[in-house]
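Have a look at the structure below before the remarks.
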Amino acid sequence: MQQLLNGVFLGSIYALFAIGFTLVFGILDRLNLAHPAVFAAAAFIGIEMVTVGGVSIWLALPLVAGVGALLGLIIERVAFRPLRNRPDAHFAGLISSIGVAGMIIALLLWRYGPDTRRFPADAFPSTAFEVAGARVTLLQLAILAISILLMVGLTWLVARTRLGRAMRAVAENPRAATVLGINVDRVTATTFALSSALGAVAGALFAMNVNSAQLGMGAAIELKGLAVIIVGGMGSLPGALVGGLLLGLAEVFAVQYIGSSWRDVVAFGLLFLLLVVRPQGLFGTRRVREV
């Protein structure tokens, strides 16, 4: 039971990171590889807000989300918009976003140095509960609640709001969306802002969960985020949620029953197995090629 809960808590963070990842891919058909850098930057900025600024951890989270949204707007403006009319815009944007990610990490190195940063010991209450014989901390429950709230909120926004309808129209056909009066540039910028805000919150929550922030933390979770969106189905928000939970559970049970060195082997082994059985992912659909 303890490992099941641990897997759910870890998987919820993976899912939040992956949903931000897949939001840009699913709507704009772009892979933003600067997303992991936003994840790392948010962790360092959140820790600085709490340790230096004296901000409570509850206020730091929305502030970090705001910083992430701003970084998302910058990434869209610098790395993607100037290249959108190129015939190889998908590949060019991907390479450009890697360059922006490198610049963000370099700025973090200049500002914070190479050392690991941590939240203060008293930043969050150390209250713990017993649930069916397993120990659950208040921090873990808060992380799970925040992740679920944000994921449900994003799903509602995309499915029920005017902005969500505009996003889905742009995802279906940007040129037709423009004819219908939708400001594609504004929708694109908003999508990047929302995606990076989610990635930023995921980074802060991950740093809270392990009480550690390192420059390479984004790169370490990048492949797992890609694995999650492939498992769930490229561009599927519910798929990213389920894929994140599955990956978290797989990692935790692998560490418990096989060994920590087998953690990634088991997780990515399941990915390969799923791709053999269902290449389009759990919630993906097969695309029909027209000739």
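For clarity, every value in this text was computed on a predicted model and none was experimentally measured.
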So do the side chains of Asp264 and Glu251 get within less than 4.5 Å of each other, counting heavy atoms only? yes

CD1-OG distance between Ile75 and Ser97, expressed to the nearest 0.5 angstrom: 8.0 Å

With clusters defined by side-chain heavy atoms of hydrophobic residues (ILVMFWY) lying less than 4.5 Å apart, directly or transitively, does Ile45 cluster with Leu59? yes

Less than 4.5 Å apart, any side-chain heavy atom of Thr51 and any of Arg118? no

Evaluate side chain to side chain contact (heavy atoms under 4.5 Å, CB included) for Leu205 paired with Leu61, printing each intermediate quantity in order. CA-CA 8 Å; Leu205 292 178; Leu61 282 176; 4.2 Å; yes

Closest heavy-atom pair, Ser12 versus Ile143, reported as atoms and distance to 0.1 Å, is OG-CG2, 4.3 Å

Please step through side chain to side chain contact (heavy atoms under 4.5 Å, CB included) for the pair Leu154 and Met151, ending with a clear verdict. CA-CA 5 Å; Leu154 179 65; Met151 288 184 281; 5.9 Å; no

For Arg117 and Tyr112, indicate whether the former's side chain and the latter's backbone hold a donor-acceptor pair under 3.5 Å. yes

To the closest 0.5 Å, what do you measure between CG (Leu5) and CZ (Arg135)? 12.5 Å

Can you find a heavy atom in the side chain of Phe39 that is under 4.5 Å from one in the side chain of Leu16? no

Testing the basics here: between Gly46 and Val64, what is the closest heavy-atom pair and its distance to 0.1 Å? CA-CG2, 3.6 Å

Kindly indicate, with the supporting measurements, whether the criterion side chain to side chain contact (heavy atoms under 4.5 Å, CB included) is fulfilled by Leu83 and Phe91. CA-CA 10 Å; Leu83 305 173; Phe91 184 72; over 6 Å; no

Any side-chain heavy atom of Ile229 sitting closer than 4.5 Å to one from Leu226? yes

Closest approach of Val228 to Gly244 (non-hydrogen atoms, all atoms of both residues): CG1-N, 3.3 Å

Ring centroid separation for Trp262 and Phe253, is it under 6.0 angstrom? no

Without placing hydrogens or testing angles, list every side-chain donor-acceptor pair under 3.5 Å for residues 171-181, not counting sequence neighbours.
from	atom 1	to	atom 2	distance (Å)
Asn173	OD1	Arg175	N	3.1
Asn173	OD1	Ala176	N	3.1
Thr178	OG1	Pro174	O	3.0

Donor-acceptor pair, Ser96 side chain versus Ala79 backbone, under 3.5 Å? yes

Do the side chain of Arg168 and the main chain of Ala159 share a donor and acceptor less than 3.5 angstrom apart? yes

Counting C-beta onward and ignoring hydrogens, is there a side-chain heavy-atom pair between Leu141 and Phe129 closer than 4.5 Å? yes

Do Leu163 and Met167 make a side-chain contact, defined as non-hydrogen atoms from C-beta onward lying under 4.5 Å apart? yes

Looking only at heavy atoms, the pair that brings Ala40 and Leu108 closest together is C-CD1, 4.2 Å

Applying ring pair (Phe, Tyr, Trp, His ring centres under 6.0 Å) to Phe119 and Phe124, what does each step give before you reach the verdict? CA-CA 9 Å; Phe119 284 100; Phe124 200 90; 9.7 Å; no

If you look at every heavy atom in Gly203 and Met217, which pair is closest and at what distance? O-CE, 4.0 Å

Carefully, step by step, assess Leu194 and Thr190 under the rule side chain to side chain contact (heavy atoms under 4.5 Å, CB included). CA-CA 6 Å; Leu194 285 172; Thr190 303; 4.3 Å; yes

Whether the side chain of Ser195 engages the backbone of Thr191 through a donor-acceptor N/O pair (distance < 3.5 Å, no angle test) should be reported. no

Val67 side chain reached by Met49 side chain, heavy atoms, under 4.5 Å: yes

Which atom names give the shortest non-hydrogen contact between Val38 and Ser196, and what distance separates them? CG1-O, 3.6 Å

Using 30° and 60° as the class boundaries, would you call the ring planes of His35 and Phe17 parallel, tilted or perpendicular? tilted

Indicate yes or no: at least one non-hydrogen side-chain atom of Val252 is less than 4.5 angstrom from one of Phe9. no

For residues Phe80 and Phe192, establish whether the separation of their ring centroids is below 6.0 Å. yes

Quick check for you: to the nearest 0.5 Å, what is the distance between Ile13 atom CD1 and Lys224 atom NZ? 11.5 Å

Pair Gln3, Tyr257: side-chain N/O donor-acceptor within cut-off below 3.5 Å: no

